[in-house]
Amino acid sequence: MENLQQELKALGLDTVQTLALAIPLSNQQAYAIEVTAQNKLKVWQHFKNRKNELGFYPVLTAAWGPENKNWPTQVNAEDFFSRFYFAEETPGQDLSPAAVIARAAQAESASVLAAHNRMYSEYLEDTVHTYTEAFAHEFGEQPDAADILKAMANGQIQDYFELGQWCWNWALNTLGLERLAQSSSAFLDGYEPQDQTELLLLLPTTVSEEVIAYIHWYGACTTSTAKAMHMLKSWRQRYGAEIVAHYGTMLHLKVNTQPTDPAEAFALATEQEAFAPCTTVLPGATLCDLAIALMQRESWFLHERP
């Protein structure tokens with residue numbers, strides 16, 4: 001990019017190291033920029049504001065190999081654009097970023113929610129206790145498990161999402177939004193690299209969700225990159241959600257607007273958990289925890305790991 005140094009100079013970073021990186025199965029290039037924990041968000045925001053003029057979308061990431069004082073060597077050693085997992089998703093098909101993007105245009109995401117709901121419904125009675133214990137721990141009050149089991153017996157609750165919806169309605173009616181909003185949303189604080197070399201990549205697109213067509217997101221191993229891109233596009237259109245950082249199994253997103261309607265917030269929570277179950281499972285959060293957090297936060301964290 002001819003004017004990359006000018007952009008960095010405007011940021012007072014004209015001495016940082018940069019690299020041009022070839023993208024496999026493409027005649028395009030990406031650009032790596034040296035950043036620090038202190039300046040990375042400022043650099044991301046600058047290039048995010050300039051994406052349409054420059055034709056590149058910025059994403060923060062990290063080099064995961066052994067720390068090396070030679071920054072170019074370390075960055076070059078990372079296979080950021082590996083097509084390995086893309087090949088596992090769609091064996092025998094074109095694995096170029098352009099082809100992945102084209103497949104996403106024909107994708108849907110409803111089947112991912114249905115599959116998640118079906119799988120988690122197999123453990124419905126166990127999940128009842130997860131909800132009652134979570135409410136008791138956070139608020140000192142909880143729905144009566146007997147009432148939930150009765151609703152299950154009479155067909156009012158037939159699956160995992162309906163159980164979550166029942167508990168969400170109980171929380172709204174019993175605790176209220178104001179009290180719910182006092183609960184911690186720290187489980188969405190995301191990941192901060194500690195011993196990795198951080199960098200910013202400029203990718204040859206201006207569209208946030210296309211980031212994962214270049215750099216594979218592990219969560220797509222079970223959902224497919226095309227369906228994940230379809231969902232990310234939907235969130236961008238509805239909430240202005242755009243990718244800030246990509247750490248392989250983790251995505252950080254920044255949003256312009258939050259859901260204000262509780263029903264909308266719960267529906268969004270089901271979408272995010274379906275595409276990245278570890279987001280709630282690993283910290284022990286529920287769909288209700290996620291729903292109220294999404295009504296408060298300007299940043300999202302999606303996590304899915306092996």
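These values consider heavy atoms only, across backbone and side chains, with no hydrogens, waters or symmetry-generated copies. FYI, the numbering just counts along the sequence from 1. A quick note: this is a predicted structure, and the numbers were derived from the prediction, not measured.
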Is a donor on one side and an acceptor on the other found under 3.5 Å between the side chain of T90 and the backbone of A87? no
Which distance, rounded to the nearest 0.5 Å, do you find between the OH of Y120 and the CG of L287? 9.5 Å
Connected via hydrophobic side-chain network under 4.5 Å: L172 and L175: yes
Can you find a side-chain donor-acceptor pair between Q45 and N49 that sits under 3.5 Å? yes
Which pair of non-hydrogen atoms, one from A63 and one from L199, has the smallest distance, and what is that distance? N-CD2, 3.8 Å
Determine the sole option in I212, L251, L201, L202 for which the side-chain contact (heavy atoms from CB on, under 4.5 Å) test with V59 is passed. L201
Quick one: do Y239 and L294 satisfy side-chain contact (heavy atoms from CB on, under 4.5 Å)? Show the steps, please. CA-CA 11 Å; Y239 304 105; L294 294 172; over 6 Å; no
Kindly give the heavy-atom pair with the smallest separation between Y131 and G164, and that separation in Å. OH-CA, 3.4 Å
List the steps and the verdict of salt bridge (Lys or Arg N to Asp or Glu O under 4.0 Å) for E271 and R238. CA-CA 13 Å; E271 293 173 358; R238 287 183 283 159; 2.7 Å; yes
Report yes if some heavy atom in the side chain of L163 is under 4.5 Å from a heavy atom in the side chain of I148; otherwise report no. yes
Would a hydrophobic clustering, with Ile, Leu, Val, Met, Phe, Trp and Tyr connected at side-chain separations under 4.5 Å, put I23 with F86? yes
Does the side chain of L188 reach to within under 4.5 Å of the side chain of T279, using non-hydrogen atoms? yes
Run the salt bridge (Lys or Arg N to Asp or Glu O under 4.0 Å) check on R297 and D189 step by step: do they pass? CA-CA 10 Å; R297 297 183 63 101; D189 284 351; 3.1 Å; yes
Got W64 and T197 here, is their nearest side-chain heavy-atom distance under 4.5 Å? no
Gap separating the OG1 atom of T36 from the NZ atom of K42, nearest 0.5 angstrom: 10.0 Å
Closest non-hydrogen contact found for A265 with A291 is CB-O, 3.7 Å
Between OG1 on residue T61 and CD1 on residue I243, distance to nearest 0.5 Å: 11.0 Å
Using modelled atom types and a 3.5 Å cut-off, is there a donor and acceptor pairing between side-chain atoms of H246 and backbone atoms of I215? yes
Quick one: do the Q106 and H230 side chains pair a donor with an acceptor below 3.5 Å? no
Shared hydrophobic cluster, V255 / V207 (ILVMFWY, side-chain heavy atoms < 4.5 Å): no
Flag the pair H303 / F301 as yes when their ring centroid distance falls below 6.0 Å, and as no otherwise. yes
Hydrogens and angles aside, do E273 and Y160 bring a side-chain donor and acceptor to less than 3.5 Å of each other? yes
With side chains defined as the heavy atoms from C-beta onward, is the minimum distance between S208 and Y57 less than 4.5 Å? yes
Are the side chain of R103 and the backbone of K227 linked by a donor-acceptor contact shorter than 3.5 Å? no
Tell me whether M119 shares a hydrophobic cluster with V112, the cluster being built from Ile, Leu, Val, Met, Phe, Trp, Tyr side chains joined at under 4.5 Å. yes
Evaluate side-chain contact (heavy atoms from CB on, under 4.5 Å) for L268 paired with W235, printing each intermediate quantity in order. CA-CA 9 Å; L268 176 60; W235 294 337; 3.4 Å; yes
Trace of the side chain to side chain donor-acceptor pair (under 3.5 Å) decision for T73 with N76: CA-CA 5 Å; T73 299; N76 277 320; over 6 Å; no
For a side-chain contact (heavy atoms from CB on, under 4.5 Å) check, start with the C-alpha distance between D261 and M295, then their side-chain angles and the critical distance, and finish with the verdict. CA-CA 8 Å; D261 176 67; M295 296 183 77; over 6 Å; no
Gap between atom CZ of R83 and atom CD of E89 - 0.5 Å precision: 10.0 Å
Please test E304 against C278 for side-chain contact (heavy atoms from CB on, under 4.5 Å), starting from the C-alpha separation and ending with a verdict. CA-CA 5 Å; E304 186 59 14; C278 288; 3.4 Å; yes
Does atom OH of Y85 have more than 12 heavy-atom neighbours, drawn from other residues, nucleotides or ligands, at distances under 6.0 Å? no
Give the C-alpha distance, both sets of side-chain angles, the deciding distance and a yes or no for side chain to side chain donor-acceptor pair (under 3.5 Å) between Q74 and N70. CA-CA 6 Å; Q74 189 170 13; N70 187 307; over 6 Å; no
Flag, side chain of E162 to backbone of Q158, donor-acceptor distance under 3.5 Å: yes
For the CD atom on E178, are there more than 12 heavy atoms of other groups (residues, nucleotides or ligands in this structure) within a distance under 6.0 Å? no
Between T132 and Q142, does any side-chain donor sit less than 3.5 Å from a side-chain acceptor? no
Might you point out which heavy atoms bring T223 and A274 nearest each other, and give the distance in Å? CG2-O, 4.4 Å
Does Q5, at its CD atom, have more than 12 non-hydrogen atoms belonging to other residues, nucleotides or ligands within less than 6.0 Å? yes
Note, S121 side chain near F161 side chain (heavy atom, < 4.5 Å): no
Would you say K51's side chain and T206's backbone share a donor-acceptor pair under 3.5 angstrom? yes
Partner of H252 by ring pair (Phe, Tyr, Trp, His ring centres under 6.0 Å), out of Y247, W300, W217: Y247
Within the structure provided, determine whether M152 and V128 are in side-chain contact (heavy-atom separation under 4.5 Å). yes
Between R179 and E141, does a salt bridge (Lys or Arg N to Asp or Glu O under 4.0 Å) hold up when you go through it step by step? CA-CA 12 Å; R179 190 172 172 193; E141 295 184 56; 2.7 Å; yes
Relative to F47, does R50 satisfy both conditions: NZ or CZ under 6.0 angstrom from the six-membered ring centre, and within 45 degrees of the ring's axis? no
Just by distance, do the side chain of S224 and the backbone of A220 share a donor-acceptor pair under 3.5 Å? no
Which pair of non-hydrogen atoms, one from F80 and one from V75, has the smallest distance, and what is that distance? CE1-O, 3.7 Å
Answer yes or no: is there an ion pair linking E192 with K40, defined by an N-O contact shorter than 4.0 Å? yes
Do the side chains of C167 and T286 get nearer than 4.5 Å, heavy atoms only? no
Only one of K48, K254, R236 passes side-chain hydrogen bond (donor to acceptor under 3.5 Å, both in side chains) with E242; say which it is. K48
Donor-acceptor contact below 3.5 Å, side chain N117 vs main chain L113: no
Whether the side chain of Q196 engages the backbone of E198 through a donor-acceptor N/O pair (distance < 3.5 Å, no angle test) should be reported. no
Distance, nearest 0.5 Å, that separates CD1 of I33 from CG of L60: 10.0 Å
Does any N or O in the side chain of T127 come within less than 3.5 Å of the main-chain N or O of T130, such that one atom is a donor and the other an acceptor? no
Do P72 and Q17 come close enough that some side-chain heavy atom pair is under 4.5 Å? yes
Closest approach of P97 to S26 (non-hydrogen atoms, all atoms of both residues): CD-CB, 4.5 Å
The reported gap from CD in E34 to CG in L13 (rounded to nearest 0.5 angstrom) is 9.5 Å
